[in-house]
Structures are given as C-alpha cells and as structure tokens.
There are 2 protein chains.
Amino acid sequence: MFDEIEILKSFLRESKLRFTPQRQTILEVFLSHEGHVEVEDLFLNIQKIDPSIGIATVYRTMNLLVECGLARDSVLLKGQQSFEKLYHQSHHDHLICTQCEKIVEFEHPLIEKYQLEICHTYGFTLNHHKMEIYGICLDCQK
Amino acid sequence: MFDEIEILKSFLRESKLRFTPQRQTILEVFLSHEGHVEVEDLFLNIQKIDPSIGIATVYRTMNLLVECGLARDSVLLKGQQSFEKLYHQSHHDHLICTQCEKIVEFEHPLIEKYQLEICHTYGFTLNHHKMEIYGICLDCQK
DNA sequence: CACAAAAATGATAATGGATATCAATTTAAA
DNA sequence: TTTAAATTGATATCCATTATCATTTTTGTG
C-alpha cells in the first residue's frame, strides 16, 4: 500500500507530473480490488469515495498506472478495458471456467522453466508471459 | 479448404440458415490468411474479390464462423477485433516480440502435459488453453 | 504570502469499432 | 410461380475511449 504510492509519486516527479488527491484516490481504490477490475466497477467504487471525480480522470490515471508498472491491461474480459495489479503480485496464470467465468489464479514453476527453453530455441530475450487454461470448474460440473 | 466449406454448410443447414455467395467468399478469404487477421484487412481483401460485400456482412459472417468452430477471437491485438483459424490447425502458442510485434507460433508438448496437472489440482475439466510469451526477437536485439 | 506558469480536472464533444434497423433482394420450398 | 423466410447493404445507432477546452489547482519563485 505504502510502496505503491511511493512508486507513483516518484514516477510522477520524474515525469514532471503532479501527485493529486484524485490520483491518490484512484490508485487506492484500484489497489483495494483483487484480481481483474473493469473500468466501470472501478469508477463506481471511486465515486463512493469522491463523487466529483470524472470518468476521464479515471482513464487518464489508469494509463499512468500502466506506464509506471503498477497495473497492466488484463486481457481476460474482451468487451471493456480492465486492469490487474502488477507490483507486489507474484506472477500467476489463469484458470478460467467457460461456463460461469470464474477465474482461479495459479502458479506452476515448470511452466516458467519451459518458456525459457522456448525463448532460447527461437532466439528471443524473455520478457514475460501470459497463460490461460479454459475448462469447467467443479461447481459447474454438478 | 473443402472440409471447412462443408462444415459451414452443415452448420447453416442445422441452424436453418443459408449458404450464400457472400458467406462463401468471406470464408475463403479468411482461410487464405495465415495467423491472425484483423477485420479491416479481411474486409479489404474481400472487397478485392467482391466490392459489393458490406462491412456488416463481414462481421455477421465472422460471428457465424466462430459459432461453428472454424474461427476464434484472437486476443493478440487489443484495439480491433481479430480472428484466427481453428479447424485443421495444430494447436500452437505464441511468442511475441514486444518491439516489432512479430509473432512466432510454437508448440511444446510438456506444456500440454502440465496444464492437465493444473486442471486436476483445481478440479477443472480441461477445455483448451492459450499461452503467450513476450520477449525481444533476434532482429530487434541487433 | 502573493503571483505567474504549468499541469490537472471535469464536462462534454468527437471518434471509431461493432451492432441494430430496415427496405430491397435473394433463396428455398410448396 | 408464388409465398414466406432469410440475407444483404446502407446507414443509423450505440457505447467505450479519447480529445478538447475553459476553469481550477498546484508548484515554485520572489
């Protein structure tokens, strides 16, 4: 919580931008969400705290959070733009139920290893990866 | 080429829809593309063959192709809707250069194996998966 | 503390991709 | 051939996101 605000502050300082109450509120509400957040949900929760904040500022600020590495675009929900936390999150992949759209996050160390192999084979320098497995969860199988 | 048209035809028959010249043209142009196609590119190439086909028909037909399993939404390019072939394609994952956006398709048998393990752990029935590795390709490293 | 310059904000207009509408055309089947 | 249903293309509409702009806020300087 503390760290993230410091990261945003120093990013803004370096870019000659300003740390404003609106930006703080938006960051805090974003951090309070687990997993993947759509802009709409984010906006609703932000307005509970400060109804004067406009949707344009939310979009602008979320783009800043992506730039400074605190958030990234989540590619799970196609219709709307959505985000997930990046900093202080252990890397995880996604198991997605195709029926109820439940999302489970998981880690598998060997997948991390094989992606290195693959990069080597094709001469790529590894950056990051995304893996999504689609299936039907226990609840929906009943 | 032949198979795909038969699949579309029988899907349309079952749904009491009709196989039209426009739908045939759109399917053929779609199949002639390798990898991931944006609607815009698809539309341009369709118009070279039949300039009277409208953009609405392209969207409508692509949705039919997704419904009958010949295509699926590609999640690589976020801005525009884009598609990739599903039928007669061996399953592959993607290696993406974050600099030039080049896409290399690869397969790794062990990844197929570990996703089964993961599904078992969480009680999911496996459906399919998607994996994307991001890095910098040889050309861009120079 | 006051003041000027730069940046941020909120309201709203503009944009652009995707979908809905509708009159005209085409198709299938009787 | 005739009729009902589906399809088409043109275009209006929708809606998420971005751009614009007048106003407000912030920062830093004297």
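Residue numbers start from 1 in every chain, and the chains themselves are labelled A, B, ... in the order their sequence lines are given, proteins ahead of strands.
- Within 4.0 Å (heavy atoms only), B/Leu17 reaches sugar-phosphate atoms of the nucleic acid but no base atom.
- Checked for salt-bridge contact, A/Lys85 and A/Glu34 meet the test: a charged N lies under 4.0 Å from a carboxylate O.
- Counting non-hydrogen atoms under 4.0 angstrom, A/Ile53 reaches the backbone sugars and phosphates but no base.
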With B for base contact, S for sugar-phosphate-only contact and - for none (protein heavy atoms under 4.0 Å), nucleotides 20-30 of chain C reads BB-----BS--
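- Under the 3.5 Å distance criterion, the side-chain polar atoms of A/Gln81 are left unmatched by any main-chain donor or acceptor of A/Asp73.
- Taking only side-chain nitrogens and oxygens, B/Gln81 comes nearer than 4.0 Å to OP1 or OP2 of C/dA18.
- Between the CZ atom of A/Arg23 and the C1' atom of C/dA8 there is a distance of 6 Å, given to the nearest Å.
- Taking the nucleotide of DNA chain D with the nearest heavy atom to each of B/Asp50 and A/Val39, the more 5' of the two is matched to B/Asp50.
- Looking at residues two or more places apart in sequence or on another chain, you find a salt bridge (Lys or Arg N to Asp or Glu O under 4.0 Å) between A/Asp139 and A/Lys102, A/Lys142.
- If one axis is set at each end of the helix from C/dC1-D/dG30 to C/dA30-D/dT1 from five pairs, those axes are 20° apart, to 10°.
- The nearest whole Å value for the distance from the CG atom in B/Asn63 to the P atom in D/dT7 is 14 Å.
- A side chain to side chain contact (heavy atoms under 4.5 Å, CB included) with A/Ile133 is found for one member of A/Leu95, A/Val104, A/Ile96 and no other, namely A/Leu95.
- Side chain of B/Tyr59, nearest nucleotide from D/dT7, C/dT19, D/dT18: C/dT19.
- Residue B/Phe83 contributes atom CZ, which lies 14 Å from atom P of C/dG17 at whole-angstrom precision.
- Straight-line distance from the CG atom of B/Asp73 to the P atom of C/dG17: 17 Å, rounded to whole Å.
- Listed by first then second residue, pairs satisfying salt bridge (Lys or Arg N to Asp or Glu O under 4.0 Å) with a partner in residues 53-72 of chain B read B/Arg72-B/Glu84, not counting sequence neighbours.
- Side-chain nitrogen and oxygen atoms of A/Gln22 include none within less than 4.0 Å of the OP1 or OP2 phosphate oxygen of D/dT25.
- The distance between atom NZ of A/Lys9 and atom C1' of D/dT27, rounded to the nearest whole Å, is 15 Å.
- Between the CG atom of B/Leu42 and the C1' atom of C/dA18 there is a distance of 15 Å, rounded to whole Å.
- Residue B/His128 qualifies as enclosed at atom NE2: its count of foreign heavy atoms under 6.0 Å is above 12.
- Remark: B/Thr121 engages no residue in a side-chain hydrogen bond (donor to acceptor under 3.5 Å, both in side chains) (not counting sequence neighbours).
- Between B/Asn127 and A/Gln99 the shortest side-chain heavy-atom distance does not fall below 4.5 Å.
- Considering only heavy atoms from C-beta on, A/Asp93 comes within 4.5 Å of A/His129 through its side chain.
- Closest-nucleotide positions on DNA chain C for A/Lys16 and A/Pro51 were compared, and the one nearer the 5' end corresponds to A/Lys16.
- Distance B/Met62 CE to D/dT7 P: 17 Å, rounded to the nearest Å.
- When the P atom of D/dT20 is taken as reference, atom CD1 of A/Ile55 falls 19 Å away, rounded to whole Å.
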Side-chain donor/acceptor pairs under 3.5 Å, residues 9-17 of chain B, sequence neighbours excluded:
residue	atom	partner	partner atom	Å
B/Ser10	OG	B/Ile7	O	3.3
B/Ser15	OG	B/Phe11	O	2.9

